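What follows is one structure encoded as structure tokens, with my remarks underneath.
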There are 2 protein chains.
Amino acid sequence: MVRPTMEDVALRAGVSRALVSLVMRNSPKVSEARRAAVLKAAEELGYSPHAMARSLASRTSTVLGVMVSDLHNAFFAEVVDGIDEVAREQGFDIIINTGGRSPARERRALESLLSFRPAGLILLSPVVPATAISKAAEQLPIVLVARSSRVSTVDTINDDGEQGARLAVDHLVSLGHKRIAHLDGGEGTQAGPRRRGYVTAMEAHGLVPQVVSSEYTDAAGARAIRRLISDGTLPTAILSCNDFNAVGAISALEDAGLRVPADVSVVGYDNTSLAALRHVSLTTIDQPRAEFGRLAALALLQRVRDGRTEPVRHLLNPSLVVRNTTAPPATSRRSSGSPLLPAAEGDSAGSGSRTADFQAKSPERRSRDH
Amino acid sequence: MVRPTMEDVALRAGVSRALVSLVMRNSPKVSEARRAAVLKAAEELGYSPHAMARSLASRTSTVLGVMVSDLHNAFFAEVVDGIDEVAREQGFDIIINTGGRSPARERRALESLLSFRPAGLILLSPVVPATAISKAAEQLPIVLVARSSRVSTVDTINDDGEQGARLAVDHLVSLGHKRIAHLDGGEGTQAGPRRRGYVTAMEAHGLVPQVVSSEYTDAAGARAIRRLISDGTLPTAILSCNDFNAVGAISALEDAGLRVPADVSVVGYDNTSLAALRHVSLTTIDQPRAEFGRLAALALLQRVRDGRTEPVRHLLNPSLVVRNTTAPPATSRRSSGSPLLPAAEGDSAGSGSRTADFQAKSPERRSRDH
DNA sequence: TCTATTGGTTGGAGCGCTCTAATGCTGTAG
DNA sequence: CTACAGCATTAGAGCGCTCCAACCAATAGA
């Protein structure tokens, strides 16, 4: 249970502690003979450097702290993948902490992360107040992902929610839809831009926006649909604020005897793994999540190593992923057939395209070389 | 960008550095007057202790390292919640790292975690070789979750996969099913116990086991079903190795014109959030995930603080969650109607029960008090 | 009055490392 | 043969903290 120190390695290799230190940081100014001797001794003792002592002595850190607001959300997992990729290739380690979307827990997580004096911090969609962020930004570089900020000391990486919503509306309009409702994300992060994008896109097409208040959950999506049906204001297409909401909307539609996409088209937002399931096969808006992570890590490293001080604001382009929940509106194919009647049986074309999309998105296989 | 040190606080409060240290660790042997003065000075300077220096000096750590093999899997998020809960309440912090289910990355993550010299390590379903684990176990206490080990220095927390599979089989048998296939998890973690449990439960009921080789993905579930259909060996009920596999199976069944659960019942395993979606509403086996985390943290702390040395092996009981993908077999209701014909339209009872279950499992609401 | 005792406080060593400046050691030029 | 690079190596201070032993009243006991 006791790890050897540099001193032990030095003793065994018959050199000084400082020389071991140089070898460990693979300095070029060490003779090959000594280097080999030191590495051999280290190997034999099972020595590996003590990151904390190193960081304390050097007054620098090779650690990037990442606060994930919600570990349950796979969205963040992919962002972390991107961060990890860049960090690793630049010789940095990452440590993760989570705030569970509670401001109190997040604050604690932030404190905990700060106490390790990392080189910088990446906050993924944090819910802590802006003051807490700018206070932390006085101590180290901070990058915000999926949350905006006007503080000049922090960088931000966001997707262009307005553009994403516009893509969805354009797609639906091109299919022939005229009545398209937006199930709004309310207080949720990024709900604002998506709503604005929806409204302006609708108006650009000369259509009347119909914003329905909802939330980022499948229950909320279902509720919103039931409300629309009972009000008699159900449109031919729905743009949900995210994929969960969309899946809830689809269930409620099917429960009401309506078919998706035959009677109503539904578009999600986020392209979560949920959307890609062949059982769901949801048309949705994809955000370049891994790219978020890569850019965040890069931005942080620019501040840490290159001493950049002007803030960076990235606004990434989302893209449309067409799957099987969107189709031309029923009225444009048939005159006025009751939308409550199930469509004809055996739509093998539909299931065929599902399979096709699924294959395209199929998971990477394990490489046999590893 | 430069944080104050204890020295600064001591100077400002007019006391020694050692006294500040005592206050920071809220030692009882400090007079109230001094304590107040120190806290005031610390507050004014925005001081907070340097965790690394503290850990270095005290040769102890209040950090628990957690390696999550796959951040994309929400299963682990709930385990982390449990760990976090216990750790926090015992005054420990957690740092997380991820291995992305690649042995090489996991090894690196392990190294990174170890370099912080945490008090102990919790590995969630790691894929690194057992030797790497037992080597790490020489340096600090280790708890394994969802992976077994015979090394006497590591504790393990697992679910009883045999029992879970038995629960599923019993449920299906009680509904009247006689032909029940198991879509096997192959190499996957915990696939073995589940398969064994399935086989023994079937035999206990005097039924013939039908193990179909598959994997932990929805694509694999769909493939297995297509194979069964083309072989003409499709049973009346399916026990999948996990929820993803089950969802893939359901899609393939529906694509083939079969209805779930009217024609074929499907049971998943894991009770992921996916299963709870009203659109999926999957009957499945629940594992007490947060409990995994709590027990893991507890076990670790017992070793860290109480010096326990005998290994602990927890085997937790899974439970059955009945939703809407299981029902009595078609043959027990109708004589021999072709299972390829869709069932009667408008089964409002089915959608009704979906809603009921969904409400019961509905997410916690945000408390207005916060 | 002198010595114990107690509770609060402090200096200093040291945790495992890095970093600077100094050291020793060649080899080559003067 | 001395001087001076130039290079590999090392002693030693110090990072921010903890911990131990010592210290210093102030009170209690003899």
Side-chain angles (χ1 to χ4, degrees), chain A residues 1-39 41-42 45-63 91 93 114-119 139-140, chain B residues 1-39 41-42 45-63 91 93 114-119 139-140:
Chain A
M1 285 278 179
V2 59
R3 299 191 71 160
T5 89
M6 260 189 183
E7 202 71 55
D8 302 324
V9 178
L11 231 60
R12 183 171 191 116
V15 299
S16 71
R17 183 175 24 90
L19 212 239
V20 177
S21 172
L22 289 175
V23 172
M24 286 305 149
R25 287 173 286 147
N26 54 108
S27 152
K29 44 172 78 177
V30 178
S31 69
E32 272 318 308
R34 303 282 183 133
R35 179 188 306 281
V38 167
L39 289 177
L45 292 174
Y47 170 81
S48 81
H50 191 312
M52 294 194 173
R54 167 176 288 179
S55 154
L56 186 62
S58 65
R59 268 142 297 175
T60 62
S61 168
T62 59
V63 172
D93 279 319
L114 284 175
S115 78
F116 285 98
R117 302 292 191 278
Q139 297 181 8
L140 37 47
Chain B
M1 285 277 178
V2 59
R3 300 191 70 161
T5 90
M6 262 189 183
E7 201 71 54
D8 302 324
V9 178
L11 230 60
R12 183 171 189 114
V15 299
S16 72
R17 184 174 24 87
L19 214 238
V20 177
S21 172
L22 289 175
V23 172
M24 286 305 149
R25 287 173 288 147
N26 53 108
S27 151
K29 44 173 77 176
V30 177
S31 68
E32 274 317 309
R34 303 282 182 134
R35 179 188 306 280
V38 167
L39 289 177
L45 292 174
Y47 171 81
S48 80
H50 190 312
M52 294 193 175
R54 167 177 288 180
S55 154
L56 186 62
S58 65
R59 266 143 297 173
T60 62
S61 169
T62 60
V63 172
D93 279 319
L114 284 175
S115 77
F116 285 99
R117 302 293 192 277
Q139 297 179 10
L140 37 48

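Quick caveat, the model's predicted, so the values are computed rather than measured. A, B, ... follow the sequence lines: proteins, then strands. Residue 1 opens every chain.
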Practice task
Taking A:R35 for its side chain and A:S27 for its backbone only, find out whether a donor-acceptor pair lies under 3.5 Å.
Solution key: yes

Fill in the blank from the handout: By side-chain hydrogen bond (donor to acceptor under 3.5 Å, both in side chains), B:R34 pairs with (sequence neighbours left out) none

Problem - Distance-minimising heavy-atom pair for A:P118 and A:L140 - result: O-CD2, 3.4 Å

Practice task
Kindly indicate, with the supporting measurements, whether the criterion side chain to side chain donor-acceptor pair (under 3.5 Å) is fulfilled by B:S48 and B:R3.
Solution key: CA-CA 8 Å; B:S48 80; B:R3 300 191 70 161; 2.3 Å; yes

Completion exercise
Heavy-atom nearest pair, A:M6 first then A:S21, reads CE-CA, 3.3 Å

Exercise for the section: Could you check which residues of residues 50-61 of chain A get a heavy atom under 4.0 Å from DNA chain D? Sort them by number, please. Expected result: A:L56, A:A57, A:R59

Problem - Nearest heavy atoms of A:D8 and A:T5, plus distance in Å - result: OD2-N, 2.8 Å

Exercise for the section: Under 4.0 Å from any heavy atom of chain B: name the first and the last nucleotide of DNA chain C that qualifies, 5' to 3'. Expected result: C:dG8 to C:dG16

Exercise for the section: With sequence neighbours excluded, tell me which residues meet side-chain hydrogen bond (donor to acceptor under 3.5 Å, both in side chains) with B:S31. Expected result: none

Completion exercise
For residues 13-29 of chain B, the salt bridge (charged side-chain N to carboxylate O under 4.0 Å, His left out) pairs (sequence neighbours left out) are B:E7-B:R17

Fill in the blank from the handout: Residues in residues 11-20 of chain A with a heavy atom under 4.0 Å of DNA chain C, by number, are A:R17, A:A18

Practice task
Taking the side chain as every heavy atom from C-beta outward, state whether A:V38 and A:L22 have any atom pair closer than 4.5 Å.
Solution key: no

Problem - Which residues share a side-chain hydrogen bond (donor to acceptor under 3.5 Å, both in side chains) with A:T60, sequence neighbours left out - result: A:S58

Handout entry: A:A41: partners by side-chain contact (heavy atoms from CB on, under 4.5 Å), with sequence neighbours left out
Key = A:V9, A:R12, A:A13

Handout entry: Angle by which the axis turns from one end of the helix from C:dT1-D:dA30 to C:dG30-D:dC1 to the other, five pairs per end, to 10 degrees
Key = 70°

Practice task
Report the residues that fulfil side-chain contact (heavy atoms from CB on, under 4.5 Å) with B:L11, sequence neighbours left out, ordered by chain and then residue number.
Solution key: none

Exercise for the section: Locate the shortest heavy-atom distance separating A:P49 from A:M24; write the atom from each residue and the value. Expected result: CG-SD, 4.3 Å

Exercise for the section: Name all residues meeting the ring-ring contact (aromatic ring centres under 6.0 Å, His included) criterion together with B:F116; count only those two or more places apart in sequence or in a different chain, and write none if there are none. Expected result: A:F116

Problem - Nearest-Å distance for atom pair CE/P, residues A:M6 and D:dG14 - result: 20 Å

Practice task
Please list, by residue number, the residues of residues 26-38 of chain A whose heavy atoms come closer than 4.0 Å to an atom of DNA chain C; answer none if no residue qualifies.
Solution key: none

Handout entry: Separation of A:S61 OG from B:M52 CE (nearest 0.5 Å)
Key = 5.5 Å

